[in-house]
Participant: 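The following block contains the structure, expressed as structure tokens.
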Amino acid sequence: QQHRCILLLGSRMATATNLQGQQERLSALFAEHLVAQLAAEGIAYDPTQSANLAYMAQRFLAMPKARRIDLEDEVMDFYRNHTRNVPALYARLARLPFFMAVNLSPDDYLLRAMRAAGKSGAQSAHYNFRKERNQPIEPPTETKPLVYNLLGALDDPESLVLTQEDRVEFVKSV
């Protein structure tokens, strides 16, 4: 009521439809996408970790000639193909009077939902644990709410916290 709350969106919020037509976490879907590539290359992995993105991303980088930029390209292609439709829950969240949201997924679902809900001034920003960045951010208001992607953003792929090593570097940086 006093507009002092911050909406925190955990990584389990971001979902997409899997091949069976069910909603599943984007991070788990992407991890399963990487599993298929590892299997095709004959790279060993722990099958109990097949939905663990940090683990599967680390294993992806163990493939011969795989580089970080290859992993970033995979992320970009995957999210572009799987996040076209904004889940209905985000439309309901966008109508709430939050001025700021912290997103723990690199998706832009909430930003798009806010703009669709008439908050055309909605803005986004993100943290990049790899470099210092002076990203100008306007103070969030009712007409210009802010969605802050803490673990990186798709429009800055090097900022994404994907692997186990990235998690350690992120914690050091913060």
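Only this structure's heavy atoms are used, side chains among them; waters, hydrogens and symmetry mates stay out.
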Participant: Using atom types as modelled and distance alone, determine if a side-chain donor or acceptor of Arg25 lies under 3.5 Å from a backbone N or O of Met13.
Facilitator: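 Between the backbone of Met13 and the side chain of Arg25 there is no qualifying donor-acceptor contact (under 3.5 Å).
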
Participant: Checking the side chain of Arg167 only, and the main-chain atoms of Ala54 only, is there a donor and an acceptor separated by less than 3.5 Å?
Facilitator: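 Absent.
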
Participant: Side chain of Glu24, backbone of Ala16: donor and acceptor closer than 3.5 Å?
Facilitator: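 Between the backbone of Ala16 and the side chain of Glu24 there is no qualifying donor-acceptor contact (under 3.5 Å).
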
Participant: Sequence neighbours excluded, which residues qualify as side chain to side chain donor-acceptor pair (under 3.5 Å) partners of Arg130?
Facilitator: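 So Arg130 forms a side chain to side chain donor-acceptor pair (under 3.5 Å) with Asp166.
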
Participant: Calculate, to the nearest 0.5 Å, the distance between atoms CD and CD belonging to Glu32 and Gln37 respectively.
Facilitator: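 So the CD of Glu32 and the CD of Gln37 are separated by 13.5 Å.
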
Participant: Does Ile69 form a side chain to side chain contact (heavy atoms under 4.5 Å, CB included) with Leu71? I'd like the steps, not just the answer.
Facilitator: CA-CA 5 Å; Ile69 196 165; Leu71 180 59; over 6 Å; no

Participant: Where does the angle between the aromatic ring planes of Tyr109 and Tyr90 fall among parallel (under 30°), tilted (30 to 60°) and perpendicular (over 60°)?
Facilitator: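 Plane angle between 30° and 60°, so tilted.
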
Participant: Report whether Leu150 and Phe98 are members of the same hydrophobic cluster (ILVMFWY, side-chain heavy atoms less than 4.5 Å apart, transitive linking).
Facilitator: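 Shared cluster, no.
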
Participant: With Ser173, which residues qualify under side chain to side chain donor-acceptor pair (under 3.5 Å), at least two apart?
Facilitator: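 Ser173 satisfies side chain to side chain donor-acceptor pair (under 3.5 Å) with Tyr127 only.
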
Participant: Which heavy atom of Ala117 sits nearest to which heavy atom of Ala94, and what is that distance?
Facilitator: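 The pair with the smallest heavy-atom distance is CB-CB, 4.1 Å.
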
Participant: Quick one, Ile43 and Pro64 - any side-chain contact, counting heavy atoms below 4.5 Å?
Facilitator: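 Yes, close enough: below the 4.5 Å cut-off.
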
Participant: For residues Leu26 and Met76: do they belong to one hydrophobic cluster (side chain heavy atoms under 4.5 Å, members Ile, Leu, Val, Met, Phe, Trp, Tyr)?
Facilitator: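 Result: yes, single cluster for both.
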
Participant: Of all the heavy-atom pairs spanning Leu110 and Ala101, show the shortest one and how long it is.
Facilitator: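 Of all heavy-atom pairs spanning Leu110 and Ala101, the closest is CD2-CB, 3.5 Å.
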
Participant: Can you give me the closest heavy-atom contact between Phe99 and Pro140, atom names plus distance?
Facilitator: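 Heavy atoms of Phe99 and Pro140 come nearest at O-CB, 3.1 Å.
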
Participant: Could you check whether atom CD of Gln20 has more than 12 heavy atoms from other residues, nucleotides or ligands sitting under 6.0 Å from it?
Facilitator: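 Atom CD in Gln20 is crowded, with more than 12 foreign heavy atoms closer than 6.0 Å.
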
Participant: Is the side chain of His82 donor-acceptor paired with the backbone N or O of Phe78 at a distance under 3.5 Å, no angle test?
Facilitator: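 Yes; judged by distance alone, with no hydrogens or angles, the pair exists.
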
Participant: Does Asp70 use its side chain to pair, donor to acceptor, with the backbone of Ala66 at less than 3.5 Å?
Facilitator: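 Judged by distance alone, no pair lies under 3.5 Å.
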
Participant: Quick one: do Gln49 and Arg59 satisfy side chain to side chain contact (heavy atoms under 4.5 Å, CB included)? Show the steps, please.
Facilitator: CA-CA 11 Å; Gln49 297 296 311; Arg59 295 304 303 146; over 6 Å; no

Participant: Heavy atoms, side chains only, cut-off 4.5 Å: are Leu9 and Leu93 in contact?
Facilitator: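 The answer is yes, as the side chains (C-beta and beyond) meet within the 4.5 Å cut-off.
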
Participant: Do Ile137 and Leu8 land in one hydrophobic cluster if side-chain heavy atoms of ILVMFWY residues count as linked below 4.5 Å?
Facilitator: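 Linked within one cluster.
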
Participant: Counting only N and O atoms by type, is there a donor-acceptor contact under 3.5 Å from the side chain of Tyr55 to the main-chain atoms of Asp46?
Facilitator: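 Checked: pair present.
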
Participant: Does Val102 belong to the same Ile/Leu/Val/Met/Phe/Trp/Tyr cluster as Leu146, with side-chain heavy atoms less than 4.5 Å apart forming each link?
Facilitator: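 The answer is yes; both residues are in one hydrophobic cluster.
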
Participant: Once rounded to the nearest 0.5 Å, what's the spacing between atom CG of Asp155 and atom OG of Ser124?
Facilitator: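 OG of Ser124 is found 6.0 Å from CG of Asp155.
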
Participant: Could you tell me if Asn103 and Ser105 have a donor-acceptor pair between their side chains, going purely by distance under 3.5 Å?
Facilitator: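 Side-chain D/A pair, Ser105 to Asn103: absent.
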
Participant: Among the clusters formed by ILVMFWY side chains lying less than 4.5 Å apart, do Val168 and Val171 turn up in the same one?
Facilitator: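 As far as the 4.5 Å side-chain criterion goes, Val171 and Val168 are not connected within one cluster.
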
Participant: List the residues meeting salt bridge (Lys or Arg N to Asp or Glu O under 4.0 Å) with Glu138, not counting sequence neighbours, and say none if there are none.
Facilitator: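 Salt bridge (Lys or Arg N to Asp or Glu O under 4.0 Å) check on Glu138 returns Lys144.
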
Participant: Check Arg67 with Glu72, please: is the shortest side-chain N to carboxylate O separation under 4.0 Å?
Facilitator: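 Salt bridge absent between Glu72 and Arg67.
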
Participant: Roughly how far, to the nearest 0.5 Å, is the CG atom of Leu29 from the CG atom of Leu34?
Facilitator: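 Spacing of CG (Leu34) from CG (Leu29) equals 11.0 Å.
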
Participant: Is there a side-chain contact between Val75 and Leu154 (heavy atoms, below 4.5 Å)?
Facilitator: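 Yes, side chains in contact.
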
Participant: Would you please test Met114 and Val147 for side chain to side chain contact (heavy atoms under 4.5 Å, CB included) and show each step?
Facilitator: CA-CA 9 Å; Met114 285 179 165; Val147 178; 3.9 Å; yes

Participant: Measure from the side-chain N and O atoms of Asn18 to the backbone N and O of Gln22, and report whether any donor-acceptor pair falls under 3.5 Å.
Facilitator: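 Yes: the side chain of Asn18 pairs with the backbone of Gln22.
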
Participant: Side chains of Thr17 and Gln23: any donor to acceptor distance under 3.5 Å?
Facilitator: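 Distance-only check passes for Gln23 and Thr17.
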
Participant: What distance do Leu160 atom CG and Arg68 atom CZ have between them, rounded to the nearest 0.5 Å?
Facilitator: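 So the CG of Leu160 and the CZ of Arg68 are separated by 6.5 Å.
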
Participant: Can Lys172 and Phe129 be said to form a side chain to side chain contact (heavy atoms under 4.5 Å, CB included), step by step?
Facilitator: CA-CA 9 Å; Lys172 286 181 185 176; Phe129 71 100; over 6 Å; no

Participant: Rounded to the nearest 0.5 Å, how far apart are CG of Leu61 and CD of Glu165?
Facilitator: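 Rounded to the nearest 0.5 Å, the CG-CD separation comes to 8.0 Å.
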
Participant: Near Asn81 CG, under 6.0 Å, is it more than 12 heavy atoms from other residues, nucleotides or ligands?
Facilitator: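 Count over threshold, so yes.
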
Participant: Which atom names give the shortest non-hydrogen contact between Ser159 and His126, and what distance separates them?
Facilitator: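 Residues Ser159 and His126, closest heavy atoms: OG-CD2, 3.6 Å.
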
Participant: Are any of the side-chain heavy atoms of Glu158 and Lys131 separated by less than 4.5 Å?
Facilitator: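 They are in side-chain contact.
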
Participant: Mind checking whether Arg112 and Arg115 have side chains closer than 4.5 Å, heavy atoms only?
Facilitator: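 Arg112 vs Arg115: side chains apart.
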
